[in-house]
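Note sheet for the following structure.
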Amino acid sequence: MDGQHNDTNNGEFTAEKRASVKMIIVHLDLKGAPPKVSYLAEVLPLFSSLGATGLLIEYEDTFPYYEELLPLRAAHAYSPQEIREILRLAQINHLEVIPLIQTFGHMEFVLKHKEFAHLREIPMYPNSLNPHRKESHQLLHAMIRQMMELHPGLRWLHIGSDEVYYLGEGEESKNFFSENGQTVEDLFICHLKKVASHVVSTYPGVKLISWDDMLRGASAQKLTDSGVTKLVEPMIWDYTPNLDVDNRVALIEKYSQSGFQKIWLASAFKGATGTSQQLTLIGHHLENHKRWLEVVQKISHDILQGVAITGWQRYDHFSVLCELLPVGIPSLAVCLVTLKNGAYSEQVAASVQNVLGMSSLDTENYTCEASGSFPGSDVLILITQILFFLKAPTQEFLERNRFVMGWFSSFHRKRKMIHPIMVQQIEPEAVSLLSNWTLLLGDLQAALLKIFPDVAVDEWMEEHLMPYYVQLQQLVQDLNTALENQT
């Protein structure tokens, strides 16, 4: 990985290419850990100053659905007033808002509820919507209507449609195929066209974006004949550091030949390197953006509408929380400034350090010297301290310490037995580690609660940190019990 490579020799190309990326959109994935509006008020000016021109907001269950859609609304969802405030903050920071609403795949937050479970493609799985039911389309129309009500004056709406798992495996789909002789591809395009046609006819002037992965296998002729190219703008996503540049250029050329007037690209700044990732490796995401810039260099300036920098909070509705937004901000800053400048260089790194108030910027490793003065930097510092200076030593102590393993194993603990002299070998380190955990967990919880709702803080800490703390706490308790048992 050449994250530190100086690309200043590409100056002639980058100046030309900067103009071709008309819109640089930051994706806010709100499922699981929606930032408080007060925190967004702090970071949106930062996004804007770093080069962002818009926000792609994926609300999922944090949107204030009402009436027949009330079951979709999580307890920690934003209120309508908060949505309006977010839109106001975006406007004053010159950030165009594009809501993202899933309309086919990744419908778990809808289809998990008993009221809508009968609309699943496969009865057992809440992933994908059954496209054959009239009620499915009525549901989508209601979701879109409520989203549009709170977002007046939109220019774009993203209708999701990625990873429609198990499509075609439901009984109604199998019947559809046998009667019509069509394919899964045809079924996907048919549904996408129905949803898009409804939006375009109901909300004239609104342009639609959809993820492109379910369209990639279709021929240019099939896409042209379907008419879908007149209804949506595909967003091509690839979050890998070694993406195939020529393959992506060829895909864009196919989309152009099929009749799509505009396309979008989607990179990632966090949430794409592991379901339970806790720290962001900047170099991975920097390489992803450098490859996308190579793609930009090779395609027509006219077809590229913009780039969305995604930042996933969960892989799907049921997976664990990964890197929290404050942890990913240094990576986002590097990605934004790299896109804005058309290349990564020492000057880009220096400018990011200056804006974020960081003493150093390591793109190649997870650093144990996290710093910064950006909003939420205390969260990054505390998580880094815990992972480097507490989690690893605690694992070492619990799993490899010779006194713990040899004289206070699970066998000994179950029977509350220990040689008293071994308490002196085990207790000081155990108590010291536990004290440090108690202090830092308290500080981190307080910092997180300034940014996220209680439920998100509780989940993240329980998933990623509490197992180590609880094990240590139990060891100390067992130690004291065993010692009392010997006297």
Does the Lys NZ or Arg CZ of R314 fall within the cation-pi geometry relative to W460 - under 6.0 Å from the ring centre and within 45° of the axis?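 No, a cation-pi geometry is absent between R314 and W460.
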task: For H141, look at atom NE2 and say whether over 12 heavy atoms of other residues, nucleotides or ligands are found less than 6.0 Å away.
output: yes
- Query: Counting only heavy atoms not in Y66, do more than 12 sit closer than 6.0 Å to its OH atom?
  - Reply: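 Correct, the count exceeds 12.
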Which pairs with one or both residues in residues 318-328 pass side chain to side chain donor-acceptor pair (under 3.5 Å), sequence neighbours excluded?
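The answer is T280-E323.
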Handout entry: Residue pair E287, R291: steps toward the salt bridge (charged side-chain N to carboxylate O under 4.0 Å, His left out) verdict
Key = CA-CA 6 Å; E287 288 301 310; R291 298 292 85 76; 2.9 Å; yes
Can you confirm whether [X] sits close enough to [Y] that some side-chain heavy atom of one is under 4.5 Å from a side-chain heavy atom of the other?
| X | Y | value |
| --- | --- | --- |
| I57 | P99 | no |
| S173 | Y166 | no |
| I263 | L251 | no |

Would E294 and K290 pass as an ion pair if we require N to O under 4.0 Å? no
Discussion item. Looking at D316 and K31, is there a salt bridge between them, counting it only when a charged N and a carboxylate O are closer than 4.0 Å?
Written reply: no
Give the ring-plane orientation class for [X] versus [Y], where under 30° counts as parallel, over 60° as perpendicular and anything between as tilted.
| X | Y | value |
| --- | --- | --- |
| Y165 | H106 | perpendicular |
| F176 | H132 | tilted |
| Y255 | F260 | perpendicular |

Item to check | Criterion side chain to side chain donor-acceptor pair (under 3.5 Å) on E233 and W156, from CA distance to verdict | outcome: CA-CA 10 Å; E233 298 173 356; W156 280 278; 3.0 Å; yes
Test your reading of the model: is there a side-chain donor-acceptor pair from S49 to the backbone of L46, 3.5 Å cut-off?
yes
(message) Checking the side chain of S136 only, and the main-chain atoms of N130 only, is there a donor and an acceptor separated by less than 3.5 Å?
(response) yes
### Query
With sequence neighbours left out, what residues match S48 under side-chain contact (heavy atoms from CB on, under 4.5 Å)?
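With sequence neighbours excluded, S48 shows a side-chain contact (heavy atoms from CB on, under 4.5 Å) to N93, L95, given in chain and number order.
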#### Entry: Straight-line distance of M461 CE to I386 CD1, nearest 0.5 Å
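M461 atom CE to I386 atom CD1 measures 6.5 Å (nearest 0.5 Å).
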**Study point:** Atom pair OG1 (T240) and NE2 (H284), whose distance is rounded to the nearest 0.5 Å
**Key:**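 Nearest 0.5 Å value for the OG1-NE2 distance: 7.0 Å.
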Applying ring pair (Phe, Tyr, Trp, His ring centres under 6.0 Å) to F104 and not counting sequence neighbours gives F188, H191
Checking I329, V457, L448, L380 against L324 for side chain to side chain contact (heavy atoms under 4.5 Å, CB included), the one that qualifies is L448
Open item on the list: Just checking H151 against Y59, ring centres under 6.0 Å apart?
Closed with: yes
